[in-house]
Amino acid sequence: MSIRVRFAPSPTGYLHIGGARTALFNWLFARHHGGTFVLRIEDTDSARNSQAAIDVILRGLRWLGLDWDEGPGTPDPDGPSVGDRGPYFQSRRGEWYRRRLAELRDRGMAYDRDGAVYFRMTHEAVTIPDLIVGEVRRELTDREQADPDWVLVRSDGQPVFHLVNVVDDLEMGITHVIRGEDHLSNTAKHIALFRAFGVEPPRYAHIPLILNPDGSKMSKRDKGAVVTNYIEDGYAPEAVVNYLSLLGWSPADGKELLGVSELVSRFDLDRVNRSPARFDDKKLAALHFEHTRRMDEGRFVGMGREYLGRAGLDVSGHDEGYVAAALLTAREKGLLFKDLAGFAGFYFKPDEAVQVAVEVEAKALGEEARRNLGALMRAYGGGVDFVAGSLEAELKRVAGELGVKSGALTQPARAACTGSLVGPSLYHLMEVLGRERVLGRLSRWVAQGQGGEQ
RNA sequence: GGCGCGUUCGUCUAUCGGCUAGGACACGGCCCUCUCAAGGCUGAAAGACGGGUUCGAUUCCCGUACGCGCUACCA
């Protein structure tokens, strides 16, 4: 039998990191086993659902690279979808729920009370076989001892989560339910419902929760909890995927830096552990660095351009090769893409628009520094090849002549060229900038206060 | 309160009864160095607690503590 799994988020206006991890585990499981990954939108709570909220989820999943084999094509519940088990929006599945409810009534498993429909729940403990947690024997709680029945349909006619979730999993032929551990206790209800329909429940796999660094439950407001923020900050999506994969799962060989295809081939449920994991943005950042430095150059440049644009930096006036070369000098820095504009923005500004903060000027562009820059400028104005190696050799030669350490030239030059004391390798950055821009930027500082020298 | 799940370095984890408890991130030191990084070398750092079972428990069982989840006409 072919594996069918699903991710069934409810559109709350954001995609929670825990939800993303649940989606990822489902997706990895499906891809590893050649199964089918279904996306179903649980938009039964019409009060807080909107296409915008659904769109956030679809975008988040697409950004992570979690493509679905069946599910919505657009955020519109009445729009196109892929797959023959739809609709994939619960708000459009009313007739399926009504039909299944009638079936329950016919079997004497459902009845009305106070305008709502109740399920006739077993009075016995329910054993939940779980692929990750093991066999869980769920005894009745004190309230359930008194009355184990629960609501299937509210008095306003809305079916509750337990009903729609089970009916959809049943109708959609879901074979494995991989979801957060917060659903473990509820699974007793789900199993009882499947049995009431006369079918065996799917296999269950409850994965441990993701907690805040302090061990508390992660909510929307917590740092790192919302996928949209990763997109805005400019993390490499494969780094986020890699990081999430390591929360609750680990590969047999201990290798942690894994690309998506490696994850697909290694992932399976038998190595998912049972204890909750705390979110650690430092480790995510480290993985982001490792993935970006290994990223295909073209893709790095493409992403870089996009985030420069997001930051309002227009690079359209520069040719492709220049933009690519410029961005690539920042690749080894492990920056978030959103920080690229601040780090490498100087490449794309006119010479006279390079801003030098007063602290930077005070620190690196004093009188002596400007004198030194004059010497460097004369050297660079000569026949030197404008490539990093030659620029370095020439700078060191000048430093030797002046009897100063190379740092007495590099930092002033860096400040003049970039406006900052932090940046890419000076020699490489000057190579990219080219002779004209470098001389132009140096001259601004040499000229000031020593106009007569030239 | 009831029911359930969990508990190895600060964090993520490995270990499926033999452990001098391994790796990664973070942290400290040294080296390298044009800034910031990176890199190299190196260091410190863990089995919640108490009982069992066993020749031997981190590993199995029980209890306690702590954490988390569920306990809705929320999903």
Side-chain angles (χ1 to χ4, degrees), chain A residues 8-12 42-45 47-48 90 113-118 125 128 130 132-134 136-146 150-162 164-165 180-189 206 208-211 213-217 243 246-257 270-271 273-287 289-290 293 330 332-335 343 363-364 388 391-392 395-396 399 405-415 418 420-430:
Chain A
S10 73
T12 51
E42 304 212 331
D43 56 343
T44 47
D45 184 353
R48 67 180 185 197
Q90 287 186 335
R113 185 206 293 173
D114 302 327
V117 184
Y118 280 73
I128 303 163
D130 189 282
I132 291 163
V133 189
V136 176
R137 186 179 158 82
R138 240 296 314 255
E139 301 285 349
L140 302 212
T141 65
D142 49 3
R143 290 181 199 184
E144 289 166 344
Q145 299 264 12
W150 46 273
V151 171
L152 286 164
V153 181
R154 294 189 288 234
S155 50
D156 66 0
Q158 279 294 312
V160 304
F161 163 74
H162 303 302
V164 299
N165 189 267
E181 204 211 67
D182 50 336
H183 288 291
L184 183 56
S185 290
N186 286 152
T187 305
K189 291 177 181 171
H206 287 92
L209 267 23
I210 300 177
L211 273 21
D214 68 358
S216 62
K217 187 184 180 182
Y243 179 67
L246 262 16
L247 258 22
W249 172 83
S250 65
D253 61 6
K255 188 181 173 199
E256 294 198 329
L257 182 65
D270 58 1
R271 290 193 62 83
N273 70 35
R274 304 165 61 163
S275 49
R278 298 178 191 215
F279 184 82
D280 179 11
D281 62 335
K282 292 275 181 45
K283 182 131 185 178
L284 203 211
L287 284 171
F289 170 62
E290 297 298 341
R293 71 195 306 205
E332 288 292 313
K333 301 299 182 179
L335 299 171
F343 189 81
K363 212 165 174 182
L391 292 169
E392 177 170 6
L395 181 142
K396 287 184 171 161
K405 288 199 268 191
S406 62
L409 281 175
T410 55
Q411 284 306 78
R414 173 187 300 286
T418 73
S420 170
L421 293 175
V422 174
S425 157
L426 176 68
Y427 310 115
H428 293 87
L429 128 212
M430 291 193 298

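Quick note on labels: first sequence line is chain A, next is B, and so on, each numbered from 1.
Remark: the backbone N or O of A/Trp249 is not paired with any side-chain donor or acceptor of A/Arg271 at under 3.5 angstrom. Side-chain atoms of A/Arg414 never come within 3.5 Å of backbone atoms of A/Ser425 as a donor-acceptor pair (strictly under, hydrogens ignored). Not one N or O on the side chain of A/Tyr243 forms a donor-acceptor pair closer than 3.5 Å with the backbone of A/Ala285. Side-chain atoms of A/Asp130 come within 3.5 Å of backbone atoms of A/Ile132 as a donor-acceptor pair (strictly under, hydrogens ignored).
With both pairing distances under 3.5 Å, B/A46 is matched to nothing as a Watson-Crick or G-U wobble pair. The partner of B/C5 is B/G67, judged by Watson-Crick or G-U wobble contacts that both fall below 3.5 Å. Nucleotide B/U54 has no partner under the Watson-Crick or G-U criteria, as no pair reaches both atom distances under 3.5 Å. In this entry B/C25 has B/G10 as its Watson-Crick or G-U wobble partner, both defining distances falling under 3.5 Å. With a 3.5 Å ceiling on both atom-pair distances, B/U20 lacks any Watson-Crick or G-U wobble partner.
Under the side chain to side chain contact (heavy atoms under 4.5 Å, CB included) criterion, A/Glu181 pairs with A/Leu184, A/His206, A/Leu209, not counting sequence neighbours. Residues forming a salt bridge (charged side-chain N to carboxylate O under 4.0 Å, His left out) with A/Arg154 (at least two apart in sequence, or on another chain): A/Asp156. In this view, A/Lys405 satisfies the salt bridge (charged side-chain N to carboxylate O under 4.0 Å, His left out) rule with no residue, not counting sequence neighbours. Residues satisfying the side-chain hydrogen bond (donor to acceptor under 3.5 Å, both in side chains) criterion with A/Lys333, sequence neighbours excluded, are absent altogether. With sequence neighbours excluded, the residues that form a salt bridge (charged side-chain N to carboxylate O under 4.0 Å, His left out) with A/Asp281 are A/Lys223. Partners of A/Lys396 under the salt bridge (charged side-chain N to carboxylate O under 4.0 Å, His left out) rule, at least two apart in sequence or in another chain, are A/Glu392. Every residue meeting the ring pair (Phe, Tyr, Trp, His ring centres under 6.0 Å) condition with A/Phe161, not counting sequence neighbours, appears here in chain and number order: A/His183, A/His190. Qualifying side-chain hydrogen bond (donor to acceptor under 3.5 Å, both in side chains) partners for A/Glu139, counting only residues two or more places apart in sequence or in other chains: A/Arg137.
Rounded to whole Å, atom P of B/U13 lies 13 Å from atom CZ of A/Phe279. With rounding to whole Å, A/Arg271 atom CZ is found 10 Å from B/C16 atom C1'. Put simply, CG on A/Leu140 is 10 Å from P on B/C3, counting in whole angstrom units. Rounded to whole Å, the distance from CG on A/Asp253 to C1' on B/U13 is 13 Å. Per the geometry, CG belonging to A/Asp270 stands 12 Å off C1' belonging to B/C16, to the nearest Å. Regarding A/Asn273, its CG atom lies at a distance of 8 Å from the P atom of B/U7, rounded to whole Å.
Taking atom P in both B/U42 and B/G22, the straight-line distance is 15 Å, to the nearest Å. Spacing between B/C32 and B/A14 at atom C1', rounded to whole Å, works out to 33 Å. With both ends at atom P, the span from B/C49 to B/U11 equals 15 Å, rounded to whole Å. Nucleotides B/A21 and B/U59 are separated by 11 Å at their C1' atoms, to the nearest Å. Rounded to a whole angstrom, the distance from the P atom of B/U8 to that of B/G47 is 10 Å. When the C1' atom is used for both B/C12 and B/U7, the distance is 15 Å, rounded to whole Å. For the C1' atoms, the distance linking B/C61 with B/U53 amounts to 7 Å, nearest Å. The same atom, P, is picked in B/U33 and in B/A45; the two are 32 Å apart, to the nearest Å.
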Under 4.0 Å protein heavy-atom contacts per nucleotide of nucleotides 41-50 of chain B, with B for base, S for backbone only and - for none:
----------
Using a 4.0 Å heavy-atom cut-off, write out nucleotides 30-35 of chain B from 5' to 3' as B (base contacted by protein), S (sugar-phosphate only) or - (no contact).
----BB
Where along nucleotides 59-73 of chain B does protein come under 4.0 Å, by heavy atom, of base (B) or sugar-phosphate alone (S), with - for untouched nucleotides?
---------SBSSSB
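Contact annotation: A/Thr44 reaches the phosphate of B/A75 (side-chain N/O to OP1 or OP2, under 4.0 Å).
For A/Leu246, the side-chain atoms get nearest to B/C12 when compared with the rest of B/C5, B/U7, B/C12.
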Give me, pair by pair, the N or O atoms of the protein and of nucleotides 20-26 of chain B that are less than 3.5 Å apart, along with how far apart they are.
{"unit_1": "B/G23", "atom_1": "N2", "unit_2": "A/Glu256", "atom_2": "OE2", "d": "2.9"}
{"unit_1": "B/A24", "atom_1": "O2'", "unit_2": "A/Glu256", "atom_2": "OE1", "d": "2.7"}
{"unit_1": "B/A24", "atom_1": "O2'", "unit_2": "A/Lys283", "atom_2": "NZ", "d": "3.3"}
{"unit_1": "B/A24", "atom_1": "N3", "unit_2": "A/Lys283", "atom_2": "NZ", "d": "3.1"}
{"unit_1": "B/C25", "atom_1": "O2'", "unit_2": "A/Lys283", "atom_2": "N", "d": "3.4"}

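Between A/Glu332 and A/Ser250, it is A/Ser250 whose nearest contact on RNA chain B lies nearer the 5' terminus. Where A/Gln90 and A/Tyr243 meet RNA chain B, the nucleotide closest to each residue was compared, and A/Tyr243 sits on the side nearer the 5' end.
Taken from OG1 in A/Thr187 to CZ in A/Arg138, the straight-line distance is 9.5 Å, to the nearest 0.5 Å. To the nearest 0.5 Å, atom NZ of residue A/Lys189 and atom CD1 of residue A/Ile128 are 11.5 Å apart. From A/Glu256, atom CD reaches atom CG of A/Leu246 across 5.0 Å, with rounding to the nearest 0.5 Å.
A/Asp114 places none of its side-chain heavy atoms less than 4.5 Å from the side chain of A/Ser155.
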